[in-house]
Q: 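Handing you a structure now.
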Amino acid sequence: MAFLNDNYLKLKAGYLFPEIARRVKVFAEANPEAAKRIIRCGIGDVTEPLPAAVVTAMHKAVDEMATRAGFHGYGPEQGYEWLRHAIAENDFRARGIEVADDEIFVSDGSKCDCGNILDILGGQNRIAITDPVYPVYVDTNVMAGHTGEADASGAYAGLIYLDCTAENGFVAAPPSEHADVIYLCFPNNPTGAVATREQLAAWVAYAQEHQSLILFDAAYEAYISDPAVPRSIYEIPGAREVAIEFRSFSKNGGFTGTRCAFIVVPKTLMASTAGGDRKPLHPLWSRRHTTKFNGVSYIVQRGAEALYSPEGKAQIAALVEHYMGNARILREAASAVGLRVFGGVNAPYIWVSTPAETTSWQMFDRMLGEANVVITPGSGFGAMGEGYFRISAFNSRANAEEVARRMKAIAW
Ligand code: MLT
């Protein structure tokens, strides 16, 4: 007899974004005329073409692959040395942050990395997540058997939920209770909040005191415009001993369909064996990555490397400026109709309060039915997201302007 993983049966709804896609499909089939007008501001998927520097580098890599001398078969699982070097040099050392080339592990996406990291962590860890939260952190822990059942609000037994509210600026402070592993995401998905240096320092101090591990998701780092806001957890002294950082080329270089990301696992980062010995996590992740992953394609890694060229950097800046221009337009439209608006300043997500008495999913239905605009219901990110919705700024300028116009046309 083959047994299934019972933990999967604890999962509540479908994964949020496929569930939204399913509902949009049902609406579109029932309303074929309205379907033609639908504008998607739900999932944070980029819309603009790949930067020219990436395209040129990828074309060149394809041409190399077409020759015997330039052909590449399996590459190093951790990523080609030239890409790991470009990442460590540009994203970290050039900003005064100590990260070695071999502390970088190149992968096919942050979502995968966030889930895969659980392979090297013990099942006995007490896990803390913020609420609202990127659902992958929760669901992968459910799948791994790190939780009990969900209650009526969707909260899983065994997880520590850190409430993020308008009152705390959607940045949770460390809890009074003990957590072994803490997921933090800044700039935050879904609220668009950013953490100050002091707030991150408080988390690093907590992790040092509790010998905890911070899983720091910085996939939206490129959207930080405020120079006082840290772009990496490693800007905080002591973080190399307590944190793994997740980064992605999806949202800065437009790689959501191309797939390339990386994580930083400092060699100074330790965790405990069941017997209480402290051991480095770096060799475990290296072992996991090289056993279960065969590396990102040569062509894609050459494309990612090109993002660090002077042209690539300028093209990333232009993309960020484009999406943040959309964010401004969408923020202003939501404010203009009297809604409370958060985020959208150092992040491509706008987090908006629903009107009184309107749930997040009711708001989803209204926006879809009345404006033919797809948003993400806040409750899909956790119980504390109820009463909010998220608008993604990843769109063309024309669509952002049209969404703003349609929002203003709804009778609020
Ligand atoms: C989102 O919309 O929250 C993101 O696009 C999801 C992701 O990056 O996986």
Side-chain angles (χ1 to χ4, degrees), residues 11 13-24 38-48 107-118 129-141 143 164 170 183-194 215-223 245-263 296 304 319-320 323-324 326-327 330 342-344 346-352 360-361 363-364 367-368 373-382 384-385 388-395 399-400 403:
L11 292 163
Y15 181 58
L16 177 61
F17 295 105
E19 175 60 16
I20 289 172
R22 188 190 67 75
R23 291 184 187 222
V24 173
I38 288 177
I39 300 179
R40 291 167 203 275
C41 295
I43 191 164
D45 193 4
V46 294
T47 56
E48 302 308 292
S107 76
D108 58 349
S110 277
K111 182 169 159 180
C112 323
D113 285 337
C114 287
N116 292 337
I117 199 71
L118 295 181
I129 54 142
T130 59
D131 183 4
V133 73
Y134 179 42
V136 173
Y137 312 152
V138 177
D139 289 0
T140 53
N141 274 288
M143 291 169 177
C164 296
F170 302 101
Y183 288 84
L184 296 178
C185 172
F186 293 111
N188 187 256
N189 179 12
T191 65
V194 284
L215 299 177
F216 190 78
D217 184 349
Y220 299 92
E221 159 275 335
Y223 291 85
E245 184 160 301
F246 299 75
R247 292 275 190 109
S248 172
F249 297 110
S250 284
K251 314 291 161 115
N252 60 358
F255 271 45
T256 54
T258 308
R259 312 304 310 148
C260 197
F262 62 92
I263 72 171
V296 175
L319 281 174
V320 167
Y323 292 125
M324 290 312 291
N326 289 349
L330 295 165
F342 307 90
N346 290 294
Y349 294 126
I350 299 116
W351 188 242
V352 189
S360 299
W361 277 110
M363 194 65 216
F364 173 86
M367 286 289 282
L368 185 57
V373 170
V374 180
I375 49 88
T376 307
S379 56
F381 297 102
M384 296 307 291
Y388 291 93
F389 65 103
R390 190 193 78 174
I391 314 177
S392 161
F394 291 114
N395 227 314
N399 274 353
V403 169

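Every number for a ligand or one of its atoms is a count from 1 in the order of the listing.
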Q: Centroid separation under 6.0 Å, is that true for the rings of Tyr323 and Tyr220?
A: no

Q: Is a donor on one side and an acceptor on the other found under 3.5 Å between the side chain of Ser360 and the backbone of Tyr388?
A: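 Side chain of Ser360 to backbone of Tyr388, a donor-acceptor pair under 3.5 Å: yes, one is there.
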
Q: When you measure from atom 7 (C) of ligand 1 to every protein heavy atom, which one gives the shortest distance, and what is it?
A: Tyr134 OH, 3.3 Å

Q: Could you measure the distance from the CG atom of Leu118 to the OG1 atom of Thr140? Nearest 0.5 Å is fine.
A: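 Here the rounded value is 4.5 Å.
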
Q: Classify the ring geometry of Trp351 against Phe170: parallel below 30°, tilted from 30° to 60°, perpendicular beyond 60°.
A: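 Ring orientation, 0 to 90° scale: perpendicular.
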
Q: State the atoms of ligand 1, each with its element, that fall below the 4.0 Å cut-off from a heavy-atom position in Tyr220.
A: 4 (C), 8 (O)

Q: What is the closest protein heavy atom to atom 8 (O) of ligand 1, and at what distance does it sit?
A: Lys251 NZ, 2.9 Å

Q: Mind checking whether Asp45 and Phe394 have side chains closer than 4.5 Å, heavy atoms only?
A: no

Q: Could you check whether any side-chain N or O of Arg247 sits under 3.5 Å from a backbone N or O of Phe262, counting only pairs where one atom can act as donor and the other as acceptor?
A: no

Q: Considering the heavy atoms of Gly44, write down every atom of ligand 1 situated less than 4.0 Å from one of them.
A: 1 (C), 2 (O), 5 (O)

Q: For ligand 1, which atoms, with element, lie under 4.0 Å from some heavy atom of Ile43?
A: 2 (O), 5 (O)

Q: Please check: side-chain N/O of Tyr223 versus main-chain N/O of Lys251, any donor-acceptor pairing under 3.5 Å?
A: yes

Q: List every atom of ligand 1 that sits less than 4.0 Å from any heavy atom of Tyr349, numbering the atoms from 1 in the order shown and giving each element.
A: 1 (C), 2 (O), 3 (O), 4 (C), 5 (O)

Q: Check each atom of ligand 1 against the heavy atoms of Asn189 and keep those under 4.0 Å away; list them by number with element.
A: 1 (C), 3 (O)

Q: With nothing but distance in play, are any N or O atoms of Asp45 less than 3.5 Å from an N or O of ligand 1?
A: no

Q: So if I count the atoms of ligand 1 from 1 in the order they appear, which ones are less than 4.0 Å from some heavy atom of Phe17?
A: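 In order of number, 1 (C), 2 (O), 3 (O).
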
